[in-house]
Protein chains: 2
Amino acid sequence: MFMARAKPSKELRASILDEARQTLVAEGYRALSMRRIARAVGCTATSIYLHFRDKDDLLHALIHEGLERLHEQLLASVDGIEDPLRRCQRLCRSYLEFALENREYYEVIFSLHPEHMKRYPQALYRRARENLEYFADALAAAAGRAGDRRDEDILHAHVIWAQLHGAVSLHLDERLDFRIDVLAFLDAAVANALCAVPHPDEQE
Amino acid sequence: MFMARAKPSKELRASILDEARQTLVAEGYRALSMRRIARAVGCTATSIYLHFRDKDDLLHALIHEGLERLHEQLLASVDGIEDPLRRCQRLCRSYLEFALENREYYEVIFSLHPEHMKRYPQALYRRARENLEYFADALAAAAGRAGDRRDEDILHAHVIWAQLHGAVSLHLDERLDFRIDVLAFLDAAVANALCAVPHPDEQE
DNA sequence: TTCTCTGACTTAACAGTGTAAACTTAACGC
DNA sequence: GCGTTAAGTTTACACTGTTAAGTCAGAGAA
């Protein structure tokens, strides 16, 4: 019979990805199973393997999407802002926002580690690296070395990222003491993350 | 027949726990399955349920152990040290050490989140809370308020924890850029974590 | 038209998971 | 010896990711 479900190939792939994203966002990573996606999209579980090597591959497609969105959001957040310190603050805020507003995405991107990650080299995380370099640029500028990004800036960017990621993770995993006010905590985390970034009037 | 495997009850429970810990440390959380533990310990998978409500319960027993060890290690690390800032530094170092030397433990304790965590209220994480309060005490002392721990100290301790946890997580999950030197990164993370802790000679 | 081939998809199956219910069996008190 | 109880086992269910083999429509060539 003629397929009432999804037209050939490319469209099925897109449907699978759509459905996966949707249930990921709605019900979290744990609810994502091949059979479930297949059921929702109207094909069998094994058909998915015609379009994705395995579950990790599918997951990586979602991760890729998520990283892309995060990247755009970060870029947008500092659009038109000149002051380097303010740029750093905006980037931090924007990162936190992304994590809080897309927590399931965030978990898949930064907390989950796919079983066979080796197979997907850092190529997929190009965007993540670019984000860090972008941040490092702002740090170089804040240090009065605009355009001259050094290794120390990359390192510094990683440290700041670690602070943000740690704060987000503790919050999302509900590991914070119940007495802690989350917003105050995140504010403090950003402040602490940027504590080594010089203010505009105190560049060396 | 007379059991050649493990004597009644309590000893089986202990064996299960031993085996679980061992394969956790040796092969990581993903290798931990009820049937596998059972096989190694010489009973059936369902027997485990006589001693632990479910897999999460077993996991929580391990988490409890791990937290206990971390707690002791932290206490030991500052034994005999007076200077508050140095105490903070030691605590940070000790935390990192624990994470690096017991990475599988660390993951289970702080990164994994058991499916039904709700059922195990923060009681189990008492030690974690105590650790933070302990740290907060050092912070209060560093601020020249020894013995007068305030909410801001607890908050500050959480922020520092977030920095350390973030750094450790990024490293353990191999998310750091390949150009980053891990030890330098961890050093920088500690430095950044403690950037708001006043030096001995500049107490307010 | 018929034949073959190809690509997309399905069916059936494997080996594994956590877990509940029902069954067995050894030990103990009476 | 009897009944009870606790400790373990067997069996089964409903899942999981994944592979190998089978189906079957459509295109191109003879």
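Naming convention: chains lettered A, B, ... in sequence-line order (proteins, then strands); numbering from 1 in each chain. All of these numbers come straight from a predicted model, not from anything done at the bench.
At a threshold of 4.0 Å, the pair A/Arg21-A/Asp18 counts as salt-bridged, since one of the basic side-chain nitrogens sits closer than that to a carboxylate oxygen. Under the 4.0 Å criterion applied to side-chain N and carboxylate O atoms, A/Arg69 and A/Glu101 are not assigned as salt-bridge partners. Electrostatic pairing of A/Glu130 and A/Arg127 counts as a salt bridge here, judged by a charged N lying under 4.0 Å from a carboxylate O.
In this structure, B/Tyr106 has its ring center closer than 6.0 angstrom to the ring center of B/Tyr95.
Proximity note for B/Ser33 (side chain, C-beta onward) versus C/dG18, D/dG8, C/dT19: the nearest is C/dG18. Taking only side-chain atoms of B/Tyr49, from C-beta outward, the nucleotide of C/dT19, C/dC9, C/dT10 with the closest atom is C/dT19. With distances taken from any side-chain atom of B/Leu50 to the nucleotides C/dC9, D/dT18, D/dG8, the minimum falls on D/dG8. Comparing D/dT18, D/dG8, C/dT19 by their nearest atom to the side chain of B/Leu12 picks out D/dG8.
Residue-level contact check: A/Leu32 touches the backbone only, with heavy atoms under 4.0 Å from sugar-phosphate atoms and none from bases. Contacts of B/Ser47 with the nucleic acid, taken as non-hydrogen atoms under 4.0 Å apart, include base atoms.
One N or O donor and one acceptor, one from the side chain of A/Arg35 and one from the base of D/dG17, sit under 3.5 Å apart. At a cut-off of 3.5 angstrom, counting only N and O atoms as typed in the model, there is no donor on one side facing an acceptor on the other between the side-chain of A/Thr46 and the base of D/dT18.
Going from atom CD1 of B/Ile48 over to atom P of D/dT9 covers 10 Å, rounded to whole Å. Between the CD1 atom of A/Ile37 and the P atom of D/dG17 there is a distance of 8 Å, rounded to whole Å. The distance between atom NE2 of A/His51 and atom P of C/dT10, rounded to the nearest whole Å, is 9 Å. In this structure, B/Lys55 atom NZ and C/dG16 atom P are separated by 15 Å, rounded to whole Å.
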